[in-house]
Amino acid sequence: MNKAITHYLKQAFLLALTAILGQSCTRKADSPLLEGILNVTEPTKVAFVYDYLGDNYVEELITDSTGSFIYNPKLEGDEADLYIYVGQDIYGAYVKEGCSTHIVIDGENVTFKGDNADRCTFLNTLYHTFSPWAFKPTPDHPFDSAEWNTRLEKSRETVEKALDGVIDSEVRARYQQLADATYKYYLLQNLALERMMNQTDNKLQSDSIIATIDPNADITRLSGLLNYWYNAADLGVNTGGRIDLEDFFARQIKRVDSVLTNEGNKKSLINTLCNMFLMYQPSDSAIHEFRAAIAPQLAKVPRIEENIEKVLAERAKRIKDGDLLPGNPTLIARDGSRTTLADVIRGKVAYIDFWATWCAPCCHEIPYFEKVWEQYKENERIVFVSISQDDDRKAWEKKIDKDQPTWPNYIFDKNSGSKFLEDMSINSIPRFVIVGADGRILSADAVRPSDKDIATVLDAALAR
């Protein structure tokens, strides 16, 4: 046989063997789906999220003090493209029953060993590179059209290079679709920011992109494009002037149920609409009426029905004015010293600001907070406190060093802070709370410093 042909056949055989070995699983019976280690010096929360047929499955773990963790649930559907959340950082991995993978996360440097390392590497590159935080304007990093678009194209190039490393051609083709759809999602986001920030007339360009979205493709849900399709779609729901939120969202859900044929996309969008309705803080009776109105749809999506039940149960036990604070979290000052919330506010009326550096509305309130503090700083009966829920302590320190606030500023200890925020039902910020000198809550959701009535509210708290 010709030497060149022999060499070609050997190379083809080796490539085929590599592909087979690269996709095989060698997991032992006692090996976890995913085990790993973070470069941290204290126990750290890690959240794992994956989509299965439109439902999101979430599991949160706390690493040990060395950063080690094990993720080993029974997967829905046998395999999953996995999001890994560590604070504001997002990573990715692929897990499959019968397989075991090891991940090492050290900031931007992420390495995989074991099964399906090629798929893990691609997903990590996709999720980390196209992180929402990379394309989210902040007060310290405002939107710049040219910079954002350059970053988007560089992100696309980085993901394309990672795609080349995926061994299986069918998997690579599917991941190519996911990468393209994700790029399209962030392109639409940049165009929306240009319209909002720069008053750029690019609606035709956005509309032409949205017109290419297939609302019944799985990739539309997995990339986030489903929300853009929904926002642009005419579902034929006439509000008839005054909008009744309960009726409006119920009719939207019924139309989604009738228009979409992909059950996963339908389920995902119905879940989004239910959450939007609940964000408006409807009364318990309105929630019950809303649930009855969409009963046929909820019958198809029991996990959403469970979520509504959970919301109602949490409302029954939520913190109310007159309650004692539900805990005493540890607070860390800029110099690294530690104290507790009780020690900071003991015996005084307290106006507490829960915020984060990445929250633009929070940062908007800071100058107003300072003005209110200046007005009351000579009054020894009241204390003003800002507590950051940043996961990135360095970002908080940078902000504090830049602003040089003269009232007490702290960052939560991660574990006790997370539990306190959960017990307080603080799931959105900015949030301001007034506590009386006796330690009881006077206002669990107080007015913001920018509110014209702030002085009246604080004076009333001091008069009690």
Side-chain angles (χ1 to χ4, degrees), residues 88 133 136-143 193 196-197 279-281 319-321 325 329 331-335 339 341 344-412 417 420-421 424-437 439-464:
Q88 295 181 33
W133 301 108
K136 182 180 179 67
T138 66
D140 291 333
H141 194 175
F143 174 73
L193 285 169
M196 182 172 62
M197 302 290 191
M279 281 176 60
Y280 285 96
Q281 298 296 316
I319 294 294
K320 304 179 293 297
D321 293 355
L325 286 172
L331 308 179
I332 305 171
R334 176 62 184 88
D335 62 6
T339 185
L341 180 57
V344 172
I345 68 174
R346 183 172 284 113
K348 297 185 177 183
V349 171
Y351 185 58
I352 308 173
D353 168 22
F354 297 98
W355 73 294
T357 60
W358 44 261
C359 168
C362 298
C363 295
H364 172 77
E365 291 293 329
I366 291 175
Y368 296 98
F369 193 98
E370 183 174 17
K371 289 179 181 179
V372 176
W373 175 80
E374 286 284 350
Q375 183 178 349
Y376 288 88
K377 68 180 181 181
E378 302 299 330
N379 190 330
E380 295 182 354
R381 296 175 53 226
I382 187 169
V383 61
F384 292 79
V385 187
S386 292
I387 308 175
S388 168
Q389 64 179 65
D390 275 277
D391 290 301
D392 185 348
R393 183 169 167 180
K394 289 183 179 179
W396 172 72
E397 291 175 349
K398 181 180 178 182
K399 180 70 172 171
I400 295 299
D401 291 344
K402 178 182 177 182
D403 291 356
Q404 292 291 308
T406 48
W407 64 91
N409 265 264
Y410 301 95
I411 191 169
F412 275 119
F420 178 79
L421 291 170
M424 281 288 294
S425 299
I426 296 178
N427 47 31
S428 63
I429 51 176
R431 177 79 169 270
F432 297 86
V433 174
I434 300 176
V435 181
R440 293 191 177 275
I441 297 171
L442 298 180
S443 179
D445 191 4
V447 298
R448 298 183 180 189
S450 59
D451 192 287
K452 62 181 177 60
D453 295 325
I454 180 63
T456 302
V457 170
L458 292 178
D459 288 344
L462 286 165
R464 293 183 64 164

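Basis for what follows: all heavy atoms, side chains included, without hydrogens, waters or symmetry-related copies.
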Kindly determine whether Asn409 and Trp355 satisfy side-chain contact (heavy atoms from CB on, under 4.5 Å), including the steps that lead there. CA-CA 11 Å; Asn409 265 264; Trp355 73 294; 4.3 Å; yes
Report the C-alpha separation of Ser386 and Trp407 in whole Å, then their side-chain angles, then the decisive distance to 0.1 Å, and conclude whether the side-chain hydrogen bond (donor to acceptor under 3.5 Å, both in side chains) test is met. CA-CA 8 Å; Ser386 292; Trp407 64 91; 2.9 Å; yes
Go through the steps for Lys399 and Ile366 under the test side-chain contact (heavy atoms from CB on, under 4.5 Å), then give the verdict. CA-CA 11 Å; Lys399 180 70 172 171; Ile366 291 175; 4.0 Å; yes
Checking salt bridge (charged side-chain N to carboxylate O under 4.0 Å, His left out) for the pair Lys377/Glu374: CA distance, chi angles, key distance, verdict? CA-CA 5 Å; Lys377 68 180 181 181; Glu374 286 284 350; 3.0 Å; yes
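Note: Phe412 and Phe420 have tilted aromatic rings, judged against thresholds of 30 and 60 degrees for the angle between ring planes.
With rounding to the nearest 0.5 Å, the separation of NZ in Lys398 from NZ in Lys402 is 8.0 Å. The structure places SG of Cys362 at 9.0 Å from CG of Asp390, a figure rounded to the nearest 0.5 Å. Taken to the nearest 0.5 Å, the CG atom of Asp403 stands 8.5 Å off from the CD atom of Glu370. Annotation: the span from Ser443 atom OG to Lys320 atom NZ amounts to 14.0 Å, rounded to 0.5 Å.
Screening residues 445-464 for salt bridge (Lys or Arg N to Asp or Glu O under 4.0 Å) gives Arg431-Asp445 as the qualifying pairs, with residues at least two apart or on separate chains. Listed by first and then second residue, the salt bridge (Lys or Arg N to Asp or Glu O under 4.0 Å) pairs that reach into residues 344-368 are Asp343-Arg346, sequence neighbours excluded.
Heavy-atom minimum distance, Ser388 versus Ala356: OG-CA, 4.2 Å. In plain terms, the two heavy atoms of Leu458 and Val372 that are nearest each other are CD1-CG1, 3.5 Å. The heavy-atom pair separating Ala444 from Asp321 by the smallest distance is N-OD1, 2.8 Å. Closest heavy-atom contact between Gln88 and Trp133: O-CD1, 2.8 Å. The shortest heavy-atom contact between Pro449 and Ile454 is O-CG2, 3.6 Å. Counting all heavy atoms, side chain and backbone alike, Ile411 lies closest to Arg393 at CD1-CA, 4.0 Å.
A 4.5 Å side-chain heavy-atom check between Ile400 and Pro405 finds at least one atom pair inside the cut-off. Taking the side chain as every heavy atom from C-beta outward, Ile352 and Phe432 never approach each other to under 4.5 Å. Side-chain contact between Leu331 and Ile387: present, with at least one pair of heavy atoms (C-beta onward) separated by less than 4.5 Å. Contact of the Tyr410 side chain with the Ile332 side chain is not registered, since no non-hydrogen atoms from C-beta on lie closer than 4.5 Å. Under the 4.5 Å side-chain criterion, counting only non-hydrogen atoms from C-beta, Leu325 is in contact with Ile441. Looking only at side-chain heavy atoms (C-beta outward), Val435 and Arg440 stay at 4.5 Å or farther from each other. A heavy-atom distance below 4.5 Å is not found between the side chains of Pro137 and Pro142.
A salt bridge is defined here as a Lys NZ or Arg NE, NH1 or NH2 lying under 4.0 Å from an Asp or Glu carboxylate O, and Glu397 with Lys394 fails to meet this definition. Ionic pairing of Arg334 and Asp401 is present here: one or more N-O contacts between side-chain nitrogen and carboxylate oxygen are shorter than 4.0 angstrom.
Within 6.0 Å of the CD atom in Glu380, the count of heavy atoms belonging to other residues, nucleotides or ligands does not exceed 12.
For Trp373, there are no side chain to side chain donor-acceptor pair (under 3.5 Å) partners, not counting sequence neighbours.
Taking the six-membered ring for Trp and the full ring otherwise, Tyr376 and Tyr351 have centroids separated by 6.0 Å or more.
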